[in-house]
Number of protein chains: 2
Amino acid sequence: MAKKPDLLPGTLDMLILKTLARGPLHGYGIAQSIKRLSEDVLTVEEGSLYPALQRLLLAGWLKGEWKMSETNRRARFYTLTRAGRKQLGVEISEFEQMIAAIGRVLAAPEEA
Amino acid sequence: MAKKPDLLPGTLDMLILKTLARGPLHGYGIAQSIKRLSEDVLTVEEGSLYPALQRLLLAGWLKGEWKMSETNRRARFYTLTRAGRKQLGVEISEFEQMIAAIGRVLAAPEEA
DNA sequence: TTTCTATCCATAGATAATCTATATATTGGC
DNA sequence: GCCAATATATAGATTATCTATGGATAGAAA
């Protein structure tokens, strides 16, 4: 019970946006990139990734176009839009504020 | 749309356990304590708090007993069990691992 | 005395995010 | 011809959180 999640809920969009800020990539490549950079701590399941990409496309933060991948398969390459880059900044700063706040709670001394 | 959440999903149990590691408290006091320590960044809504407390009781990480509060109202005071303290350690270390992993992704350079 | 505010508990229902499982298809190596 | 890796996508379940209520009491204020 209480299985360890593959990632921190609420951070996936930010991770995708950040990954794409490094350059256009297809979905499979995004998942691999996050896994590799996080040193295998974060895993993005397909069932999380593709719905998230739809969300981000719909929000106008990404655009997508079909191309051939490095391995010669058809793949949809996503690129960060200007709005997407702005959103990335917003998400990072909100995230950092949250983390700092949690840090303050965790740092509270345990003796009265 | 996409309203900023009151806290990072997945961190509430840890925050409650940590708060109780500082000493027994009733639900209302837990929420206040988290809000205050986080400097108003984190807000725990009742609709999140009480179900969470039920979860934690059921898991054996807390015990609860009815008493009179400082303000002379009946209130249920929660105390961390030994298992709860252990769980707190587990959750903190998993959380820190996640944060470190996210940090690595966010620190990745944006130029190829 | 009545009313208001803060304190305290709790649940129902909606929403959102993620995970599990599955389906499909193609390339290239063996 | 088969298999592993690459690649996209959806349905359904699960879980966590938020919104919105509802109820009750103490003490201050009016």
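Scope of the values below: all heavy atoms of this structure, side chains included, with no hydrogens, waters or symmetry mates. Residue numbers start from 1 in every chain, and the chains themselves are labelled A, B, ... in the order their sequence lines are given, proteins ahead of strands.
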query = Do Ile16(B) and Val44(B) come within less than 4.5 Å of each other through their side chains, counting heavy atoms only?
reply = no

key: Test item: side-chain donor near acceptor, His26(B) and Gln32(B), under 3.5 Å   = no

message = If you only use heavy atoms from C-beta on, which nucleotide in dT17(D), dC9(C), dA7(D) is closest to the side chain of Leu7(B)?
response = dT17(D)

task = Report yes if at least one side-chain N or O of Thr71(B) is closer than 4.0 Å to OP1 or OP2 of dC8(C); otherwise report no.
result = yes

Along DNA chain C (nearest heavy atom to each residue), the more 5'-positioned of Pro51(A) and His26(B) = His26(B)

inquiry  = Between P on dA10(C) and CG on Leu56(B), what's the gap in Å once rounded to a whole number?
reply    = 13 Å

inquiry  = Rounded to whole Å, how long is the line connecting atom CG of Leu53(B) with atom C1' of dC9(C)?
reply    = 10 Å

Nearest-nucleotide pick for Tyr28(A), side chain only, options being dC8(C), dT27(C), dT8(D) = dT8(D)

key: Shortest non-hydrogen contact from Arg22(B) toward Pro109(A)   = NE-O, 2.9 Å

ask   = Does any N or O in the side chain of Thr19(A) come within less than 3.5 Å of the main-chain N or O of Ile30(A), such that one atom is a donor and the other an acceptor?
value = no

query = Rounded to whole angstroms, how far apart are CD on Gln54(B) and P on dT15(D)?
reply = 17 Å

remark   = Winner on side-chain proximity to Glu46(B), out of dA10(C), dT8(D), dT17(D), is dA10(C)

request  = Using whole Å, report how far OH of Tyr78(B) lies from C1' of dC8(C).
outcome  = 11 Å

key: Ser69(B) (side chain) donor-acceptor with Arg74(B) (main chain) under 3.5 angstrom   = no

inquiry  = Applying a 4.0 Å non-hydrogen cut-off, can you work out what Thr43(B) is touching in the nucleic acid: base, sugar-phosphate, or nothing?
reply    = nothing

request  = Identify which nucleotide among dA7(D), dT20(C), dA9(D) has an atom closest to any side-chain atom of Arg73(A), counting heavy atoms from C-beta outward.
outcome  = dA7(D)

query = What is the nucleic acid contact for Gly47(A), judged by heavy atoms within less than 4.0 Å: base, sugar-phosphate only, or nothing?
reply = base

ask   = Does a nitrogen or oxygen in the side chain of Arg74(B) sit under 4.0 Å from OP1 or OP2 of dG23(D)?
value = no

Candidates dC19(C), dG28(C), dT19(D) - which lies nearest the side chain of Asn72(A) = dG28(C)

ask   = Whole-Å distance between dT25(D) P and Trp66(B) CH2?
value = 13 Å

request  = To the nearest Å, give me how far apart CD1 (Ile34(B)) and P (dT17(D)) are.
outcome  = 11 Å

task = Of all the heavy-atom pairs spanning Thr11(A) and Phe95(A), show the shortest one and how long it is.
result = CG2-CE1, 3.8 Å

query = With respect to the side chain of Gln32(A), which nucleotide from dT6(D), dT17(D), dT27(C) is positioned closest?
reply = dT6(D)

key: Euclidean distance, atom CG of residue Asp6(B) to atom C1' of dA20(D) [Å, nearest integer]   = 14 Å

key: Leu8(B) CG - dA17(C) C1' separation (whole Å)   = 13 Å

query = Between Ser48(B) and Phe77(A), which is nearer to the 5' end of DNA chain D once each is assigned its nearest nucleotide?
reply = Phe77(A)

ask   = Base, sugar-phosphate alone, or nothing: which one does Gly10(A) contact when heavy atoms must sit under 4.0 Å apart?
value = sugar-phosphate

